[in-house]
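Residue numbers start from 1 in every chain, and the chains themselves are labelled A, B, ... in the order their sequence lines are given, proteins ahead of strands. Computed over heavy atoms, backbone and side chain alike; hydrogens, waters and symmetry mates excluded.
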Number of protein chains: 2
Amino acid sequence: MEKNKTTQLSSIKESLIELLNNRDLQPSQKLPSERALSLLFSTTRITLKEALLALEIEGIIYREDRRGWFVCPVRLIYNPLSRCHFNQLVSDQQRSGKTQLLAVRTQPADAQQSKLLELDKNTQLHCIERLRYVDNRPVLYVQNCLISALFPAILAQDLSQSLTLLYQQEYGYQTSRSRFDVTLCGASKEVASALHLAPGQQVLKIGRVNYQQQGIIIDCEFEYWRPDAVLIAIDSHAG
Amino acid sequence: MEKNKTTQLSSIKESLIELLNNRDLQPSQKLPSERALSLLFSTTRITLKEALLALEIEGIIYREDRRGWFVCPVRLIYNPLSRCHFNQLVSDQQRSGKTQLLAVRTQPADAQQSKLLELDKNTQLHCIERLRYVDNRPVLYVQNCLISALFPAILAQDLSQSLTLLYQQEYGYQTSRSRFDVTLCGASKEVASALHLAPGQQVLKIGRVNYQQQGIIIDCEFEYWRPDAVLIAIDSHAG
DNA sequence: AAGTGGTCTAGACCACCCC
DNA sequence: GGGTGGTCTAGACCACTTC
């Protein structure tokens, strides 16, 4: 048999893991440069990079575009069915959260948005783009798309707060049902740059639509997560 | 400004997409070989491969280990909260399903299993490994772990059938609640080889635990999906 | 046996981040 | 300005799949 030939790739992976353990690297700590590591393991940068990419897939390390490789912190546990606000979710897990407003635009729905909202294209939407941090690391790019007609004067509000709260307090909307889907895709330029990813790197995309008490759709949302930063966990009981 | 410098990589990606459109390639059809494509685009295999990997991330093409690159068929839409049997799920979407029994073992729970089952390690489990096909393509490797004591003589049954059905009909168990989590990880040797993936390639992992009417845990399950083959979609209403 | 993708070498230039 | 990761070249050998 002897099918388990140890490739150089897998032995470099093991050496890297050993290195991480021995140095007792802290979460978010930077690894040595690719050039230094390829010298250390007597290999080329391309081969070394393949080993790093493999550890990235396994969720052990992550990359910041042109900044280097870092040790993955513990993932944020996230239940997309829960109505919990981001900030609370984060602090419940003994982490610090922060939200930054990136842009607000009012424009007609594009194909993706109108499909999710079950509306004509060209329906006017408020699109709110925000960046969410966990422990000062950008991990989530969110685009909220509200049907303009249902949210008069919402743009005058503080949009770095929880939108769910605004829905309730200012408009009396309460989400009674939501539908969402989870896919993997390449990051667009905007998303990549906000999350410090290389353009085209993989992100976890969650598209969601919310129904109000009467079953009326009020908005939809597109979340783009750093895949290394989150763990989706769902319980059919807990709302 | 002029930040949008067109890299060779992105222009190769575009040419590839054009090629796919022009040839009107059918789902699951094979692309030309990497060598042929790198000649066609006057580049090296490494650069060309990076372009293919980028299209893989975007879910346009998929890879079979040492067999080549293929066009992605439409994804199977999957709701992990639904109690629907795999075969029905697949045929509801006008696809053909097939299940192959790979192995059955009875052994003490390992760390991962005992954690999910909230049991001592060393509790005896029946581990059933199966491979599921959609349109004759292997897309899902499943390991079901049943607490042996709760399922006497189950190994005498036909295990390529729906286990959920066996639970109900033979033992009177009905799942009343389930918890699951979704992560990305590298494929183990067994999973990779069953799904025709290169070892270490990314898979979508879903770990699930099922509670019976009285809230008793009866089994858990680990699903390893080809990430290109599935789209997770959840509705907070529909069970 | 021929051809494939997987792995690997030994370099190079560039845009960008950080100091 | 020095160093980083991102991109790219022009080859090579091997294990495996397919015929």
Indicate whether any N or O donor in one side chain lies under 3.5 Å from an N or O acceptor in the other, for [X] and [Y].
X      : Y      : result
B:R45  : B:S38  : no
B:Q8   : B:T43  : yes
A:Q107 : A:R105 : yes
B:T183 : B:D181 : no

Any pair counted as salt bridge (charged side-chain N to carboxylate O under 4.0 Å, His left out), so long as it reaches residues 224-234 of chain A, sequence neighbours left out
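Salt bridge (charged side-chain N to carboxylate O under 4.0 Å, His left out) check on residues 224-234 of chain A returns A:R137-A:D228, A:R226-A:D228.
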Distance check needed: D:dT17 C1' versus B:W69 CH2, whole Å only.
17 Å
In whole Å, what is the span from the NE2 atom of B:H196 to the P atom of D:dT17?
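Roughly 9 Å, once rounded to whole Å.
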Map B:R66 and A:R66 onto DNA chain D by nearest heavy atom, then report which one ends up closer to the 5' terminus.
A:R66
Which residues pass the ring-ring contact (aromatic ring centres under 6.0 Å, His included) test with B:Y224, sequence neighbours left out?
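ring-ring contact (aromatic ring centres under 6.0 Å, His included) list for B:Y224, sorted by chain: empty.
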Heavy-atom nearest pair, B:C72 first then B:G59, reads SG-O, 3.4 Å
Of all heavy-atom pairs between B:H85 and B:T164, which one has the smallest distance, and what is that distance?
CD2-CB, 4.4 Å
Hey, can you pull the residues of residues 51-65 of chain A with a non-hydrogen atom under 4.0 angstrom from DNA chain C?
none
Which residues within residues 33-41 of chain B lie with some heavy atom under 4.0 Å of an atom in DNA chain C?
B:S33, B:E34, B:R35
Interface with DNA chain D, restricted to residues 42-50 of chain B and to heavy atoms under 4.0 Å:
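Of all residues in residues 42-50 of chain B, the ones placing a heavy atom under 4.0 Å from DNA chain D are B:T43, B:T44, B:R45, B:I46, B:T47.
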Could you say whether A:R67 or B:A198 is positioned toward the 5' end of DNA chain C, judged by the nucleotide with the nearest heavy atom to each?
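Its nucleotide being nearer the 5' end, the pick is B:A198.
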What pairs of residues pass the side chain to side chain donor-acceptor pair (under 3.5 Å) test when at least one of them lies in residues 62-76 of chain A, not counting sequence neighbours?
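Of all non-adjacent pairs touching residues 62-76 of chain A, those that pass side chain to side chain donor-acceptor pair (under 3.5 Å) are A:E34-A:W69, A:E56-A:R63, A:R67-A:H196.
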So does A:K205 pair up with A:E223, basic N to acidic O under 4.0 Å?
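Salt bridge flag = no for A:E223 with A:K205.
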Test your reading of the model: is there a side-chain donor-acceptor pair from B:Q157 to the backbone of B:I154, 3.5 Å cut-off?
no
Nucleotide nearest A:Q8 when distance is taken to its side chain, options D:dT9, D:dG6, C:dT9:
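Looking only at heavy atoms from C-beta outward on A:Q8, the closest nucleotide is C:dT9.
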